[in-house]
2 protein chains.
Amino acid sequence: MGRRSDHSREELEELILAEGHRLMAEVGYPRFSAREVAKRVGYSVGTLYNLFDSNHRLILAINSRTFLMWAAAMAERLAEDPEDRIAVLVDGYFRFASENSNLWMAIYEHRTPEGSDLPERYRKQRGELTGMVEAEIAKVLPEEARNKAAALARSLVATVHGHCVFALTGTFALLGEDRPQEAALARVREALAAAGGR
Amino acid sequence: MGRRSDHSREELEELILAEGHRLMAEVGYPRFSAREVAKRVGYSVGTLYNLFDSNHRLILAINSRTFLMWAAAMAERLAEDPEDRIAVLVDGYFRFASENSNLWMAIYEHRTPEGSDLPERYRKQRGELTGMVEAEIAKVLPEEARNKAAALARSLVATVHGHCVFALTGTFALLGEDRPQEAALARVREALAAAGGR
DNA sequence: TATTTTATTGAGCGCCGCTCAATACCGTGT
DNA sequence: ACACGGTATTGAGCGGCGCTCAATAAAATA
């Protein structure tokens, strides 16, 4: 067998990525398998490993795509010019995570192996979401506290993230339910108020 | 082969659990394997699967042991009657997680499979830590806010957890470092202050 | 001692990630 | 039209995984 005319290299890469993304959404990180992706796109394992040279790199690319979706969803909702933009950020976090739980969890279930750290382009991509949050936080803070916006944004993302993880993995349910999203928003509001936010 | 006199059933169970715990600490969740545990204790895979009837149940038991260690470490530090008990709780969270990162992360990396949910005894065990936090929160809140202590405790655990995860998995480092533990403590303080805490 | 009960084994099954010699195909030069 | 060089693709093979279960060895009992 040799070069097949039905797909260029880029098309094939995209095909695999798309199918991989679908599979991840369907079965979740623990049951994801590169072999299964290969089977579904109708190419052999070897071909797949030629393009993405390890399982780790394939998953990285898939998670990256998830990140893009996430950021896009967030941007779209902010573009509707809502009144309470902070609430929209929190809701966007929870909503995306729960509507795409397998994809979302995969981002955090995937441990990057010992040696390698993630390539620059992914790094930048992941900064995007935090960047959006940072911009919104800055808007809300008084002039003199603006320089703290970045650090505060990261901390608030962590705060919301914590609530969201517990909500999705059932840790909250296990301890007696009170609405995690509302709690997260309350914590965020308190932090912003403490920083002099309006 | 048949019953071996060198270990009673309970002893063997304990032996496997201890060795499994060691292995988890050593290699972490993704590289943990029941086969390897069997090899290390010098019994065959079959025996191991007789006692813990699936990989999932073995890991559950291992994680449970980690939880006990964690709660014990927390209790010990609180028993020294520190001045700032809230800070000790936060520090205890971060310290345990970073000093036992493989064990700690395993707790959250292990997805319990579709059907089964974790047995009552584990459920209770995991409530213990949150219970300790709840007690400390209650002490700090004014009389009229005591009834909110439980809900607030869960939310604050989630808050600290979020910061801790990001600290350990490098999500923070990736975004420009500011001390996650201090940020977590700041968020907790703000929330307590907002609830009228002293 | 003979028989039942019980603990232990490990080869076997179907998966996994990953490799690499063999192979099928394409573009090009003559 | 044909041969050739390069490239894309293959899939059997390797070692390892979780898990099962008929066979077996040892203890308990009769």
Side-chain angles (χ1 to χ4, degrees), chain A residues 1-17 19-21 23-24 26-63 102 106 109-116, chain B residues 1-17 19-21 23-24 26-63 102 106 109-116:
Chain A
M1 313 109 202
R3 183 179 286 157
R4 293 213 299 215
S5 52
D6 42 349
H7 298 296
S8 78
R9 187 192 172 92
E10 286 80 18
E11 282 171 346
L12 184 48
E13 205 163 315
E14 165 59 25
L15 192 69
I16 291 172
L17 207 55
E19 196 58 51
H21 202 253
L23 179 62
M24 185 67 87
E26 199 177 305
V27 306
Y29 182 80
R31 293 164 35 134
F32 177 87
S33 111
R35 281 179 120 106
E36 178 66 20
V37 176
K39 195 185 297 173
R40 292 197 182 190
V41 293
Y43 279 77
S44 76
V45 272
T47 299
L48 198 146
Y49 278 96
N50 279 344
L51 297 186
F52 301 84
D53 56 47
S54 71
N55 193 38
H56 163 241
R57 272 179 152 12
L58 173 57
I59 293 175
L60 219 54
I62 289 173
N63 285 346
N102 276 337
E109 281 175 298
H110 179 54
R111 269 218 231 181
T112 145
E114 302 289 333
S116 75
Chain B
M1 311 108 200
R3 182 177 287 157
R4 294 210 302 216
S5 53
D6 43 348
H7 298 297
S8 77
R9 186 191 172 93
E10 286 81 18
E11 282 170 348
L12 183 49
E13 205 164 315
E14 165 60 25
L15 191 70
I16 291 173
L17 207 55
E19 195 59 50
H21 203 253
L23 179 62
M24 185 66 87
E26 199 177 304
V27 307
Y29 183 80
R31 287 155 51 122
F32 177 86
S33 109
R35 281 180 119 106
E36 178 65 21
V37 175
K39 196 185 296 174
R40 292 196 183 191
V41 295
Y43 278 78
S44 76
V45 270
T47 299
L48 198 148
Y49 278 95
N50 279 343
L51 297 186
F52 301 85
D53 56 46
S54 72
N55 193 39
H56 163 242
R57 272 180 155 6
L58 173 58
I59 294 177
L60 219 55
I62 289 173
N63 285 346
N102 276 339
E109 282 175 297
H110 178 54
R111 268 218 233 181
T112 143
E114 301 292 332
S116 73

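Order of the sequence lines sets the chain letters (A, B, ...), proteins ahead of strands, with each chain counted from 1.
Considering only side-chain N and O atoms, A:N50 lies nowhere under 4.0 angstrom from the phosphate OP1 or OP2 of D:dA8. Contact annotation: A:T47 side-chain N/O to D:dA8 OP1/OP2 distance is not under 4.0 Å.
At a threshold of 4.0 angstrom between heavy atoms, the contacts of A:S33 are confined to the sugar-phosphate backbone, with no base atom among them. Counting non-hydrogen atoms under 4.0 angstrom, A:L12 reaches the backbone sugars and phosphates but no base.
Taking atom CZ of residue B:R31 and atom P of nucleotide D:dG15, one finds them 18 Å apart after rounding to whole Å. Distance, A:E13 CD to D:dA8 P: 12 Å, rounded to whole Å. Taking atom CZ of A:R9 as the reference point, atom C1' of D:dT9 lies 12 Å away to the nearest angstrom. One can place CG of B:D53 at 8 Å from P of D:dT20, the figure rounded to the nearest angstrom. Protein atom CZ of A:F52 is 19 Å distant from nucleotide atom C1' of C:dT19, rounded to whole Å. Rounded to a whole Å, the CG atom of B:L48 is 14 Å from the C1' atom of D:dT20. At whole-Å resolution of the value, CG in A:N55 and C1' in C:dC15 are 14 Å apart. We find that OH of A:Y49 is positioned 10 Å from P of C:dC16, with the value rounded to whole Å.
For the side-chain hydrogen bond (donor to acceptor under 3.5 Å, both in side chains) test, residues two or more places apart in sequence or in another chain that qualify with A:Y29 are A:H110. In this structure, B:E13 has no side-chain hydrogen bond (donor to acceptor under 3.5 Å, both in side chains) partners at least two apart in sequence or on a different chain. Qualifying salt bridge (charged side-chain N to carboxylate O under 4.0 Å, His left out) partners for B:R9, counting only residues two or more places apart in sequence or in other chains: none. For the side-chain hydrogen bond (donor to acceptor under 3.5 Å, both in side chains) test, no residue two or more places apart in sequence or in another chain qualifies with A:R31. Applying the side-chain hydrogen bond (donor to acceptor under 3.5 Å, both in side chains) test to A:R35 and every residue at least two apart in sequence or in another chain returns nothing.
For A:R35 and C:dG17, a side-chain-to-base donor-acceptor distance below 3.5 Å is present, hydrogens and geometry of angles not being considered.
Between A:R40 and A:E26, at least one side-chain N (NZ, or NE/NH1/NH2) sits under 4.0 Å from a carboxylate O, which counts as a salt bridge.
Applying a 4.0 Å cut-off to non-hydrogen atoms, the residues of residues 37-45 of chain A that approach DNA chain D are A:Y43, A:S44, A:V45, listed by residue number.
A side-chain donor-acceptor contact under 3.5 Å links B:E11 to the backbone of B:S8.
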